[in-house]
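See structure below.
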Amino acid sequence: MSRPLVAEVDLDALRHNYRLARAQAPASRALAVIKADGYGHGALACARALESLPDGERPPAFAVACLEEAETLREGGIRSPIVLLEGVFEVAELERVAALSLWMAVHSDWQVEALLARRPSRPIPVWLKVDSGMHRLGFLPEEAPYVWARLADAPDHACDLHLMSHFATADEADPATCRRQLATMRALAERLGAPLCLANSPATLGWPEAHGAWVRPGVMLYGSDPLEVPTAASRRLLPVMTLRSAIIAVRDIAAGEAVGYGRRWVAARPSRIATVACGYGDGYDRHAVDGTPTLVAGRRAPLAGKVSMDMLTVDITDIPEAEIGSEVVLWGRAANGAVLSIDEVARHCDTISYTLLTGVLPRVPRRYHGGFD
Ligand SMILES: *Cc1c(COP(=O)(O)O)cnc(C)c1O
């Protein structure tokens, strides 16, 4: 058999999750964030599946991190508006932005100067990015009205102005910081009469007051629950990616024997160990601790021993039916319907779902299901 590891992508689940995002913010328009190659799922496949939703259900726009990501989508035939969340990285990109009918964030003085210095072939829709407290990107709230006025005075250069900002702590149960950020942005939007876009996935799911004219769900579209405390809605998210492999070897070891590099896992009882074709060279996190869950033949089985480059080892002592060739799901949905949440795996790796999803390496073949009516 060829190497059994694949990343299966369920595009119907993506569409379900997008519908769920819209239903959470019914008065807002929902950008679908598909940066970083659709959080590792394949941006073009994701965009096509979402763009083929019926009229009135499809995303009014997509969002990516840079011009190259938008070009890939345009070359693949995606016609919807696409927002560049960080705008341009150099002046020379502006003409491509206009030519490809992209929208862009503007977060720095040099971007404003560049946009106003030379008239683009058509005016560019601009989302003015404000630093309301995260201190990563954007204009200070007190400078924003001045920048806004300059852009509003140059309709041949910039059009369709929006205000955007990003929350630093929307995933946390304590909303104090978010509340401050929201108050700042609301006051600014009121003063400027501006449409507002603030909410990432956690705010889309958990914080209706933060839904402005637009919301910007990302990771929830891929089925990861971004909230510290899940809600009824977040529990309805479906996993989009299943990282699936198989057992390639089985051995019985005595109590006291150790498994893998550094002898980290030591058998407390006579144990059966399965070797699985998946390792950190595929993007599975090497920080996974002993006990990190997997699904072997649809049943939970703990990682035993350090992850190697191309393989990992699992304790299948309690799964007598497991044998060479048995299915192993590292996250996602098993053939018997059992689900292993990527968020649970991420916690065992001391990381977040975002790094696991974007970390699946190119050597893992993607296999797509669904996505069209
Ligand atoms: C990535 C990103 C998002 C989406 O965030 P999620 O937490 O994945 O929902 C929204 N806005 C901006 C500016 C982003 O960079």
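Start at 1 and go down the list; that is how both ligands and their atoms are numbered.
Each of the following atoms of ligand 1 lies closer than 4.0 Å to a heavy atom of Leu85: 12 (C), 14 (C), 15 (O). For ligand 1 and Ser201, the ligand atoms under 4.0 Å from any heavy atom of the residue are 6 (P), 9 (O). Taking a cut-off of under 4.0 Å to the non-hydrogen atoms of Tyr39, the atoms of ligand 1 that pass are 1 (C), 4 (C), 5 (O), 6 (P), 8 (O). Residue-ligand proximity, Gly218 to ligand 1, at heavy-atom distances under 4.0 Å covers atoms 4 (C), 6 (P), 8 (O), 9 (O).
Within the 4.5 Å cutoff, side-chain heavy atoms of Val240 are placed close to those of His41. Here the side chains of Val307 and Asp285 are not in contact, with every heavy-atom distance at 4.5 Å or above. Using a 4.5 Å heavy-atom cutoff, the side chains of Met311 and Ile248 are in contact.
With respect to Arg300 and Glu344, a salt bridge is recorded, a charged nitrogen being found less than 4.0 Å from a carboxylate O. With salt bridges taken as basic N to acidic carboxylate O contacts below 4.0 Å, none links Glu51 and Arg58.
Note: no N/O pair closer than 3.5 Å links Lys129 and ligand 1 by distance alone. Between Val33 and ligand 1, not a single N/O pair is under 3.5 Å apart. On a distance-only criterion, Lys35 and ligand 1 share at least one N/O pair closer than 3.5 Å. At a 3.5 angstrom cut-off on N or O pairs, Pro202 does not count as close to ligand 1. Considering backbone and side-chain N/O of Asn200, none are found under 3.5 Å from N/O of ligand 1.
Here the rule is salt bridge (charged side-chain N to carboxylate O under 4.0 Å, His left out) with Asp315, and of Arg269, Arg272, Arg299 only Arg269 fits it.
Taking atom 7 (O) of ligand 1 as the reference point, the nearest protein heavy-atom neighbour is Tyr354 OH, 2.7 Å. In terms of protein heavy atoms, atom 11 (N) of ligand 1 is closest to Arg216 NE, 2.8 Å.
Proximity of a side-chain donor or acceptor of Thr184 to a complementary backbone N or O of Arg180 within less than 3.5 Å is detected.
The six-membered or imidazole ring of Trp207 lies near that of Phe167, with a centre-to-centre distance under 6.0 Å.
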